[in-house]
Structures are given as structure tokens and as C-alpha cells.
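Because only heavy atoms are used, hydrogens play no part in the values below, and waters and symmetry mates are left out as well, while side chains stay in. Small disclaimer: the values here were computed from a predicted structure and weren't measured.
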Amino acid sequence: MSGHSKWHNIQGRKGAQDKKRGKIFQKISRDLYQAAKAGGAEVDGNPQLRLVIDKAHAANMPKDNIQRALDKATGVGGANYEEITYEGYGPAGTAVMVSCLTDNKNRTAAAIRSAFTHHGGSLGSNGSVSYMFDRKGYIVILRDDLDVDEDDMLMDALDAGADDMKASDEKFEIFVTPSDLNTVRDELQKKYTLDTAEVTMFPQTVTEVPSDKASQYTGLIDELDENDDVQDVYEAAKLPEDAE
């Protein structure tokens, strides 16, 4: 029995690692698509695409996955992918936005609606929760082996055109007007290696999920994350500490 138990423990850890890796690849695929869509699929003329491909290689993302994302952006094979955002309410009325990339809107809409319904939520109309989020350019520079203090980084960020910065022990988070993201990114890349440079959504306020709704809420987010059409899930919620 001990061997059987050990096998299941290893299987469980492997499953968790595979799931985490899958989410990382999913996010990188989204970034590859967006970068190639905006600036073309040639790395030499697209610095944002180069940044994302470097991240893909660092994450050991298979070449086939990278090429698939680029093919979606350039329409190889005749597929026509569309970006769609769904808005809805999770358990306890928490605001959730789901960014999707799909070649079949009916399939995706049905799957997203089903996920909300299964976990005690409901799909809303356009604009029902988006007003609770701010759209911002977001740049991350990791502090590992980086010999620069917070004041110097703040000055460099402001000189590059950033709006604000938040520092922690692990990273510098730089916030930018979305239309200025490329300019600020290019300036900062002259001195630093960027971990992230993207336009994303930040909640204005967060709603704490009650303890009795926590498992429903995490079930909803997990089901959305596991959908191949889902590129990003934006949440305006906080789980209770005993559920995190």
C-alpha cells in the first residue's frame, strides 16, 4: 500500500506541475499571438515578439506551440481567430472578465456560459463588470542579480514615460498608459531585461469571497483556465486566507 500511496503522491505532484506549466504556456501563447498580430511574425522587426519568444524558450515551451501561436496571428491554414471578452459574476457577485481567442464563437460562448453556471455564477452583458477594471500597460523587471535601488529604477521608469512604479523584494512593477507601452518598453530595454511587457486589466477594488463560496469560486477559475480558448482571466476578488 505504501508503494501505491507514493505512486499517487508522485502522480498528484506531476499533475499539479503539468497544470501550472500548461497555464504558463497558455499565457505565453496569448502574448505571442498579440505581439505577432500587432507587429508581424518576423522577430528582427518586432522587439515585443523577440521578448516573448525569449520568455517561451526560458520556459522550455515546445517549438510546435510557439509556431502554432504565430500561425494563428498570421492566418496560416486559413483559420480566422477572433478576440472576444466575456464578462460575468462569480459566486457572491464577484466580477470576472474572460479574454478569449477563438475560431468558433458559438463553441466558446457556450463553454464560458456553462463554466459560470456550473459554479454558481452567471454570464453578464458587455459592460456589466468591465467598468470595475482599469486597463493599463504593465512592465515587470525582476530584481534577481540586479544592482539598482528603488529610487534609481523609479527615475529611469519616469524618464522613459511611465506613470507609476511599485517595488517589492522580487520585482519592480511599472505602470504605463496603454498607448505608451511600446515607447516605455523600448527605452527600458536599453538598460534592463524585462520579464513582462503587456497591456492588462487591474481591478479598482476587490470583493472577498466568503469561505462557504471559496471552492465554487476556485472551481470556476480553474475551469476557465483549462479552456483552450481562454487567454486570460481577470478577477476582482480575494479568497479568504484559509482557502489560499
Side-chain angles (χ1 to χ4, degrees), residues 12 15-31 33-34 82-102 104-140 163-164 166 168 170-171 173-178 181 195-196 198-244:
Q17 290 168 355
D18 289 345
K19 185 175 180 180
K20 182 177 180 181
R21 187 180 300 112
K23 288 184 178 181
I24 292 170
F25 289 172
Q26 189 176 41
K27 184 178 188 306
I28 293 174
S29 292
R30 187 283 313 265
D31 293 343
Y33 173 87
Q34 291 184 339
E82 187 174 354
E83 295 180 72
I84 305 174
T85 299
Y86 297 93
E87 304 178 33
Y89 302 92
T94 50
V96 181
M97 293 181 65
V98 188
S99 175
C100 298
L101 179 67
T102 179
N104 186 325
K105 290 191 293 185
N106 292 334
R107 177 195 67 219
T108 304
I112 300 303
R113 184 181 301 278
S114 175
F116 275 94
T117 302
H118 285 167
H119 300 284
S122 61
L123 199 59
S125 58
N126 287 342
S128 58
V129 303
S130 57
Y131 71 93
M132 303 180 192
F133 294 81
D134 291 323
R135 186 171 178 267
K136 297 181 181 181
Y138 180 58
I139 295 172
V140 175
D163 297 329
D164 198 5
K166 179 181 176 182
S168 65
E170 296 81 26
K171 60 191 176 184
E173 297 174 281
I174 298 166
F175 303 93
V176 184
T177 301
L181 176 65
D195 179 71
T196 300
E198 64 182 6
V199 175
T200 188
M201 305 293 286
F202 291 90
Q204 296 168 0
T205 59
V206 296
T207 300
E208 182 153 335
V209 180
S211 295
D212 62 340
K213 300 286 187 181
S215 61
Q216 270 188 316
Y217 183 80
T218 55
L220 168 63
I221 301 304
D222 285 346
E223 184 169 341
L224 292 171
D225 278 338
E226 289 166 6
N227 187 313
D228 289 341
D229 294 337
V230 172
Q231 301 296 292
D232 262 316
V233 179
Y234 305 112
E235 312 169 51
K238 182 181 185 300
L239 287 170
E241 290 184 4
D242 57 359
E244 294 179 342

Where Pro91 and His119 come nearest, the two heavy atoms and their spacing: CG-O, 3.1 Å

Nearest non-hydrogen partners of Ser125 and Ser128, listed with the distance: O-OG, 2.8 Å

Derivation of the side chain to side chain contact (heavy atoms under 4.5 Å, CB included) call for Glu198 and Asp31: CA-CA 8 Å; Glu198 64 182 6; Asp31 293 343; 3.7 Å; yes

Heavy-atom check, side chain of Leu181 versus side chain of Ile139, under 4.5 Å: yes

Salt-bridge contact Lys136-Asp163 (side-chain N to carboxylate O under 4.0 Å): no

Between CD on residue Glu235 and CD1 on residue Ile221, distance to nearest 0.5 Å: 4.0 Å

Heavy-atom closest pair, residues Pro203 and Val206: CG-CG1, 4.0 Å

Residues Val96, Val233; criterion side chain to side chain contact (heavy atoms under 4.5 Å, CB included); working and verdict: CA-CA 7 Å; Val96 181; Val233 179; 3.8 Å; yes

Side-chain (Glu87) to main-chain (Gly124) donor-acceptor, under 3.5 angstrom: no

Pair Met132-Thr205, side chain to side chain contact (heavy atoms under 4.5 Å, CB included): steps then yes or no: CA-CA 7 Å; Met132 303 180 192; Thr205 59; over 6 Å; no

Close side-chain approach of Asp195 to Lys171, heavy-atom, < 4.5 Å: no

Pro240 side chain reached by Glu208 side chain, heavy atoms, under 4.5 Å: yes

Close side-chain approach of Gln34 and Glu83, heavy atoms under 4.5 Å: yes

Distance (rounded to the nearest 0.5 Å) between Asp225 CG and Thr218 OG1: 11.0 Å

Side-chain donor/acceptor of Tyr86 to backbone N/O of Arg113, under 3.5 Å: no

Exam field: side chain Thr108 to backbone Asn104, donor-acceptor pair closer than 3.5 Å: yes

Residues, nucleotides or ligands: over 12 heavy atoms within 6.0 Å of Arg135 CZ: no

Side chain to side chain, Arg107 and Thr102, heavy atoms closer than 4.5 Å: yes

Minimum-distance pair of heavy atoms, taken over all atoms of Gly88 and Val129: O-CG1, 3.6 Å

Shortest non-hydrogen contact between Ala115 and Leu220, atoms and distance: O-CD1, 3.5 Å

Flag, side chain of Glu223 to backbone of Ala111, donor-acceptor distance under 3.5 Å: no

Rounded distance (nearest 0.5 Å) linking atom CG of Leu123 with atom OG of Ser114: 11.0 Å

Between SG on residue Cys100 and CG on residue Leu224, distance to nearest 0.5 Å: 8.0 Å

Closest non-hydrogen atom pair, Ala92 against Lys213: CB-CG, 4.5 Å

Separation between NZ of Lys238 and OG1 of Thr207, rounded to the nearest 0.5 Å: 12.0 Å

Residue pairs, two or more places apart or on separate chains, that pass ring pair (Phe, Tyr, Trp, His ring centres under 6.0 Å) and touch residues 202-237: Tyr138-Phe202, Phe175-Phe202

Interatomic spacing from CG in Leu101 to OG1 in Thr85 - rounded to 0.5 Å: 10.5 Å

